Amino acid sequence: MKDSIIEFDNVSFTYDGTEEEQKERLPAVKEVTLSIKKGEFVSVLGHNGSGKSTLAKLCNAILIPQSGKVTVCGMDTADESLIYDIREKVGMVFQNPDNQIVATIVEDDVAFGPENLGVEPKEIRRRVDESLKAVGMYEFREYEPHKLSGGQKQRVAIAGIIAMRTDCIVFDEPTAMIDPKGRAEVMETAKKLNRENGITVIFITHFMEEAAEADRVVVMDDGRVLLDGTPARVFGERETIRKIGLEIPSAANLADMLKENGIELESDVLTPSDCIDAVYEAARKAGVCS
Amino acid sequence: MIRDITIGQYLPGKSALHKMDPRVKIIVTFAFIIVIFMCKNFWSLGLMVLFTALCTILAGVPMRMMLKSLRPVMVILVFTGILNIFYTSGGNKLLEFWKITVTDKGIYTAVFMIVRIVCLIAGSSLLTYTTTPTMLTDAIERILSPLKVFKIQVHTLAMMMTLALRFIPTLIEEIERIMNAQKARGADLESGGFIKRAKALIPILIPLFISAFRRAYELAFAMECRCYRGGEGRTRMKQMKVKATDIVASAVTAALLGAVIFLNIYFKPVIG
């Protein structure tokens, strides 16, 4: 397929380690076949241990599958000579904002990636400024990272990735350790980069509200892909979602409850803004407001 | 509160000293220290004191900050003074009781030594006051880079220094969090004798170490994801350039060296 950026072909992965570790970590990823298209915003959902983080690490050759094949822009991740070419294409933002910032000054940290790639100093400067502006952290370029909030640190980490001119960013639960305000900032930044810079985004999360905003939702369970489709379709499978212990977005939940009580909403409701529109529309039809 | 801590003792500013190439600054500071040790009488030492004072004013470092940097060496200063007063032989006797004699030469030597140490500390503090820790490590990496010939991993050392600096505030925050967590579980960290207090530290140090190792592991992942593969083929965003200021500073230091040698020969030495 020509327009796909990451291709999983029947991929299985098991962590090695002591028996105890294996018991704890199994199952990781089992026979996953998945294709991520260029420019997509895909969110990956799943509860703890469903293999979603492993899936992320398989994307840029941090982990190499034991069977099956992962290809990034046509490059096989098992080929060790291509490792840095692959990582130049697919960047990664991790959960803990503190453990991925390398330098003591924001702009130096953003420069770290391009410096590793051996980019010309002037070009690095340009990219750093550009990336910091893209994530809205340009005014903070001379700050020390420990003086920033969680959301701001994550945005610096994102800037560090886009300064490398990656085509795709994998977010591995970037919002799990930060406050709701920071969470919104990170989500906004990811959406903006996807929309304006055409960067493919793989957003791993366990917040349903975040997943609902993606173009496509992949639900993982027990190392397998359980559901894969548009948010409306995936969250339409209420029973399956509930069965594996995930919740459906609270806006959709509210719509369900309204339905049970005889208030029919016209459109599919997934995000809070959908919900407001639909409820307003229903109220107008019922003649409650103008 | 903890967010306010600054690593190192950098004082932001835009003076000529701030703008100097950090490499030249380190070398000039070393030269300055050597020149101070060459001083043999009050004339040459006085010149150095004057120079240090001028530099302090030029850098815009407040006197208060300079005095603060001297506080940790106070004990050494007092000790040096006392030792020199009582153990210098020769000169005119001023005071004599029991087995101790105080001579004028002893007092001169004591004052000389104290002034010399103060000058030394003030001069090197100027370096850290006007240079960020990042610039310092960068400069050290570049100054030491010829050592690559002897297979010394200069880049790795500098990277370790940078990462250490980066994680100091993070780990301080962590210690605070662990201490609070242990206090909440009834740990008593403040009372008891030395051994009891040292033992009370164990439940703080163990979680700290475990978390530090986990951080290191994740950081290594993150660095690999950003294509880090050691110093080989790496470029730097911030280039260092020797500017006119640096040449002037080097010339001034050289002139200082000349002047000190001249004053040493021309006037009678106090020591040695």
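Note that the structure is a prediction, hence the values are computed from the model and not measured. Letters A, B, ... are given to chains in the order of the sequence lines, protein chains preceding strands, and every chain is numbered from 1.
Per-residue heavy-atom pair counts under 4.5 Å with chain B were compared for A:G91, A:P114, A:A103, and the maximum is reached by A:A103. Between chain A and the residues B:E224, B:M237, B:E218, the largest count of heavy-atom pairs under 4.5 Å involves B:M237. By number of non-hydrogen pairs under 4.5 angstrom with chain B, the leading residue of A:N96, A:I62, A:I101 is A:I101.
Heavy atoms closer than 4.5 Å to chain B are found nowhere in A:V170, neither backbone nor side chain. Residue A:E123: no heavy atom, backbone or side chain, is found under 4.5 Å from chain B. Heavy atoms of A:K122 lying under 4.5 Å from chain B are absent altogether. Interface remark: A:V93 contributes no atoms to any contact with chain B (heavy atom separation under 4.5 Å). For A:N60, the part sitting under 4.5 Å from any heavy atom of chain B is the side chain, from C-beta outward, and nothing else. Interface remark: A:F94 contributes side-chain atoms only to the contact with chain B (heavy atom separation under 4.5 Å). Interface residue B:Q239: only side-chain heavy atoms are found under 4.5 Å from chain A.
Shown here is B:K183, whose NZ atom has more than 12 heavy atoms of other residues, nucleotides or ligands within 6.0 Å.
Looking at A:D179, its side chain does come within 3.5 Å of a backbone N or O of A:G182 through a donor-acceptor pair.
Note that B:R229 lies in the cation-pi zone of A:Y84, set by a 6.0 Å cut-off to the ring centre and a 45° limit from the axis.
Using a 30° and 60° split on the angle between ring planes, B:F213 and B:F209 fall in the tilted class, from 30° to 60°. The aromatic rings of B:F221 and B:Y217 sit tilted, their planes meeting at an angle between 30° and 60°.
Put simply, CD1 on A:I36 and OG1 on A:T200 are 9.0 Å apart, with the number rounded to the nearest 0.5 Å.
Inspection of the B:E141 and B:H155 side chains reveals an N or O donor paired with an N or O acceptor under 3.5 Å.
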